[in-house]
Amino acid sequence: MTGSRDAALEARTEGTSPDGHQRGQGHGQGHEHERGHEQGHGRELDRLDAYLEALWDGAELPGAPAAPGGRDAEGPLVRWALDRLRGLPREPRETFRREVGGLLREFRGRRCPWNAAALRLLDDTYTFVATGPRLHDDWAYDVRAVMHRAVDDPRGRLRLDGDRRNDARDTWPAYPFDPPPASGFRARLHPLDADAAVGALAVMAEEWQAEPAPVRTRPDRDRILADARTLLDRYGPDARYWTNATAAAAAPPDFVGAGLAGTRTHGFVTGEYVNGLDLFDDLGVIAVGADEVGVFWSFGAC
């Protein structure tokens with residue numbers, strides 16, 4: 001789904017960093033077995049995911065018997081999804097697309113607890129959630145690659161990206177991001193401890209304007225925090241966290257207590273007015289693990 005600009009960026013980001021330190025193949029071996037296990041058992045799931053996403057996007061594709069796995073599908077999750085798909089009437093088209101979107105969401109949530117936590121926490125707000133490989137000692141190169149959609153999730157897990165097909169990306173490939181060069185990341189970011197990172201991720205479940213129920217007041221507050229912790233646990237016990245929130249420059253902020261609205265940040269989003277949408281706020285958390293980087297971002301728009 002990435003264009004020529006993204007391909008060019010990928011070539012750049014996978015080169016050596018200015019200090020000459022590209023991470024060697026020996027780095028990140030701790031998760032190789034897990035990734036191999038997920039990939040080995042998930043290729044059919046990945047193909048079905050891509051097929052359902054294409055239908056959701058409006059592509060004219062053959063019916064369920066021709067879907068990945070077809071009538072000889074293996075695995076209960078694939079069989080369940082194809083049975084559901086067969087029961088969906090193809091007309092009217094918009095209704096079919098909406099139903100496929102709901103099926104895809106449930107299919108992704110059933111694939112693994114990480115996906116389910118991401119969907120519960122962040123699928124109802126304007127957010128970006130994606131993970132990419134850690135290839136450089138200077139992880140800013142890897143984060144830029146994730147923002148440009150130049151790399152895939154190493155474990156084939158969920159990406160939340162409502163702008164993946166936005167035609168604004170023809171002009172601004174990283175839209176809605178406008179990230180600085182890798183050398184400029186540290187000037188816009190502050191470190192977070194793990195608890196503060198969980199809080200920052202949790203408040204991304206809120207709206208930037210007119211939030212009727214801040215996380216701190218919700219009866220499922222503990223569940224929201226648990227989902228945020230599940231998402232960050234993926235990056236390992238030694239992961240480091242960074243945010244663009246200016247309050248983190250002085251001390252670990254209480255994001256949950258303060259709420260999302262009014263959070264001041266160093267912006268990573270474009271200032272361009274695109275397709276009638278003005279981006280006015282953003283809050284991000286970057287997780288840096290031994291072999292993966294995670295990017296979690298909330299956008300305020302009007």
Side-chain angles (χ1 to χ4, degrees), residues 1-7 42-112 114-130 148-150 152-153 156-177 204-205 207 270 272-279 297-302:
M1 293 189 296
T2 56
S4 59
R5 291 185 182 90
D6 289 346
R43 291 189 181 93
E44 190 173 69
L45 294 172
D46 290 342
R47 289 194 294 269
L48 181 54
D49 186 293
Y51 176 84
L52 292 173
E53 184 172 86
L55 288 178
W56 183 34
D57 286 336
E60 295 284 350
L61 298 174
R71 297 191 184 279
D72 299 321
E74 297 181 1
L77 182 55
V78 172
R79 290 195 298 269
W80 167 84
L82 290 179
D83 286 345
R84 282 278 303 273
L85 182 60
R86 292 185 187 103
L88 299 179
R90 292 248 168 173
E91 299 294 339
R93 289 290 298 166
E94 284 307 309
T95 300
F96 174 69
R97 289 179 61 187
R98 185 170 59 252
E99 293 293 330
V100 169
L103 171 59
L104 178 60
R105 186 185 191 281
E106 188 172 353
F107 170 75
R108 287 172 168 172
R110 290 186 178 205
R111 284 193 65 172
C112 71
W114 196 91
N115 284 2
L119 288 166
R120 282 192 303 266
L121 184 64
L122 299 174
D123 195 37
D124 290 332
T125 54
Y126 187 6
T127 55
F128 176 90
V129 174
H148 280 80
R149 289 83 160 180
D152 294 325
D153 188 302
R157 292 184 182 176
L158 176 74
R159 176 194 297 259
L160 294 179
D161 181 11
D163 289 299
R164 61 194 172 81
R165 290 193 176 275
N166 193 323
D167 58 13
R169 295 191 59 222
D170 294 338
T171 305
W172 300 278
Y175 185 86
F177 295 106
M204 292 183 193
E207 298 287 350
T270 180
E272 302 291 339
Y273 185 72
V274 181
N275 297 335
L277 194 64
D278 186 21
L279 300 170
W297 229 269
S298 170
F299 308 102
C302 62

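Along the sequence shown, residues are numbered consecutively beginning with 1.
- Atom CH2 of W56 has 12 or fewer heavy atoms from other residues, nucleotides or ligands within 6.0 Å.
- A 4.5 Å side-chain heavy-atom check between L85 and F107 finds every atom pair outside the cut-off.
- Classified by interplanar angle (parallel below 30°, tilted 30° to 60°, perpendicular above 60°), the ring pair F177/W297 is perpendicular.
- Under the side chain to side chain donor-acceptor pair (under 3.5 Å) criterion, E106 pairs with R84, R110, sequence neighbours left out.
- Evaluation of the side chain to side chain contact (heavy atoms under 4.5 Å, CB included) rule for A54 yields A59, L61 as partners, not counting sequence neighbours.
- Scanning both residues, G58 and R93, for their nearest heavy atoms gives O-NH2, 3.6 Å.
- The side chain to side chain contact (heavy atoms under 4.5 Å, CB included) check on A116 picks up R120, with sequence neighbours excluded.
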Review point. Should R111 and D46 be marked as a salt bridge (charged side-chain N to carboxylate O under 4.0 Å, His left out) after you check the CA-CA gap, both sets of side-chain angles, and the distance that decides it?
Key: CA-CA 10 Å; R111 284 193 65 172; D46 290 342; 2.9 Å; yes

Check your understanding: Under the side chain to side chain contact (heavy atoms under 4.5 Å, CB included) criterion, do L55 and E99 qualify, and how do the steps go?
Key -> CA-CA 10 Å; L55 288 178; E99 293 293 330; over 6 Å; no

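- Residues forming a side chain to side chain contact (heavy atoms under 4.5 Å, CB included) with R105 (at least two apart in sequence, or on another chain): L119, D123.
- Every residue two or more places apart in sequence or in another chain that forms a side chain to side chain contact (heavy atoms under 4.5 Å, CB included) with D161 is listed here: F128, R149, R159, D163, R164.
- Under the 4.5 Å side-chain criterion, counting only non-hydrogen atoms from C-beta, L104 is in contact with R108.
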Check your understanding: Does the pair D83 and R86 meet the rule for a salt bridge (charged side-chain N to carboxylate O under 4.0 Å, His left out), with working shown?
Key -> CA-CA 5 Å; D83 286 345; R86 292 185 187 103; 2.8 Å; yes

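- Residues L158 and D153 come closest through the heavy atom pair O-OD2, 4.4 Å.
- Residues A81 and L103 share a closest heavy-atom pair of O-CD2, 3.8 Å.
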Exercise for review: Verify side chain to side chain contact (heavy atoms under 4.5 Å, CB included) between L121 and T127, making sure each step is shown before the conclusion.
Suggested key: CA-CA 10 Å; L121 184 64; T127 55; over 6 Å; no

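- Looking only at side-chain heavy atoms (C-beta outward), M204 and V129 stay at 4.5 Å or farther from each other.
- When the salt bridge (charged side-chain N to carboxylate O under 4.0 Å, His left out) test is applied to E94, the partners found at least two apart in sequence or on another chain are R97.
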